[in-house]
Amino acid sequence: MTQRVEERSGLRSLAILVTGLAAVIALLYFGRAFCITLVISTILAFLLEPFVGLFMRARLPRGFASFLVCTVALFALYLAGLAMVTQAVNLADDLPEFTQRLNVIVDRIAVEVDKFETTLYKNVVPRRLQNDPRGATPEPQPPASSRKKRNPSVPAAPPPVPEVRIHQDRSPLVQSVAGYVSSFYETFLMISFVPFLVYFTLSWSEHISRTVLAVYRESDRPRAGRSWIAIAS
């Protein structure tokens, strides 16, 4: 009897584990945009936490220090994007000259390859075949009598007329523009939430850490706290 109860409890635990795992996978799949944004924000918060500590050493409150760090990080990101855009514009301006140089190099290589092929042809192919372009033997022609005895070919039947159905589809331009706008909107929406989540994580890091540690048992909290500090490091 006790064995049956243990088996039922084991099956129940397995069913709960499988159900919870399926729920987590479904949550990660359908909420992937939010999960990706949250993970990126958490990683950025971990990276910016030492700078917040530097500002807090100047006796600044955590909220104001987090705001300064996020502002400086956004300004640095803006400068990096501006530099990348400037380099891309300069590259686009220099592209015609670069293409012209590349064409000159390709033409020189093609000329050298043609010279090599001509030299190889003169050294490998015998001279009698080089002087006589009609080296190949002509194909034998059938006798005139057999050509006369051939029956005239029967005209082939006309091919069947294919059935044409008119189906109005969306133009490729509209589809491409709609897909581009949709992907850009989703990406912009995700990026717009990152600064707020980073600031929230930095300013509330102590409260979040206490809340997370409260989930564990009192005996396991020191080890969980050390793990949290190790992850941050």
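Basis for what follows: all heavy atoms, side chains included, without hydrogens, waters or symmetry-related copies.
Residue Ser205 holds its OG atom at 12.0 Å from CG of Leu48, rounded to the nearest 0.5 Å. Residue Leu47 holds its CG atom at 11.0 Å from OG1 of Thr42, rounded to the nearest 0.5 Å. Distance check, rounded to the nearest 0.5 Å: CE of Met84 to CG of Leu79 gives 13.0 Å. Note: Phe196 CZ to Thr201 OG1 = 13.0 Å, rounded to the nearest 0.5 Å. Rounding to the nearest 0.5 Å gives a distance of 12.5 Å between CG of Asn90 and CG of Leu95. Thr19 OG1 to Leu14 CG: the interatomic distance, rounded to the nearest 0.5 Å, is 9.0 Å.
Nearest heavy atom pair, residue Ser41 against residue Leu197, reads OG-CB, 3.4 Å. Scanning both residues, Phe67 and Tyr199, for their nearest heavy atoms gives N-CE1, 3.6 Å. Of all the heavy atoms in Ser203 and Ser66, the pair that sits closest is N-OG, 3.5 Å. Closest heavy-atom contact between Ile36 and Met190: CG2-CE, 3.7 Å.
Remark: of the listed residues Thr86, Asp93, Leu91, Asp93 is the sole one forming a side-chain contact (heavy atoms from CB on, under 4.5 Å) with Val89.
In the hydrophobic clustering of this structure, Val52 does not group with Val72; members are Ile, Leu, Val, Met, Phe, Trp, Tyr whose side-chain heavy atoms approach within less than 4.5 Å, directly or through other members. When hydrophobic clusters are built by joining Ile, Leu, Val, Met, Phe, Trp and Tyr residues whose side-chain heavy atoms come closer than 4.5 Å, directly or via intermediates, Leu60 is not grouped with Phe200. In the hydrophobic cluster analysis, where Ile, Leu, Val, Met, Phe, Trp and Tyr join through side-chain heavy atoms closer than 4.5 angstrom, Leu74 is grouped apart from Leu202. A single hydrophobic cluster is seen to contain both Phe51 and Leu68, as judged by linkage of ILVMFWY side chains at heavy-atom distances under 4.5 Å, directly or through other members. Note: the hydrophobic cluster containing Leu44 also contains Val39 (ILVMFWY, side chain heavy atoms under 4.5 Å, direct or indirect links).
Checked by atom type and distance alone, the side chain of Arg221 pairs as donor or acceptor with a backbone atom of Tyr216 at under 3.5 Å.
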Give the intermediate values and the outcome of side chain to side chain contact (heavy atoms under 4.5 Å, CB included) for residues Ile25 and Leu21. CA-CA 6 Å; Ile25 293 175; Leu21 183 61; 4.1 Å; yes
Yes or no on side chain to side chain contact (heavy atoms under 4.5 Å, CB included) for Leu54 and Arg57, after CA distance, side-chain angles and deciding distance? CA-CA 5 Å; Leu54 291 177; Arg57 290 180 182 178; 4.0 Å; yes
Quick one: do Ile105 and Arg108 satisfy side chain to side chain contact (heavy atoms under 4.5 Å, CB included)? Show the steps, please. CA-CA 5 Å; Ile105 295 174; Arg108 290 179 181 177; 5.6 Å; no
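For the pair Gln100/Pro96, no side-chain contact is recorded, criterion being any heavy-atom separation below 4.5 Å from C-beta on.
Ring geometry for His207 versus Trp204: interplanar angle over 60°, hence perpendicular rather than tilted (30 to 60°).
Counting heavy-atom neighbours within 6.0 Å of Phe46 CZ, excluding the residue itself, gives a total above 12.
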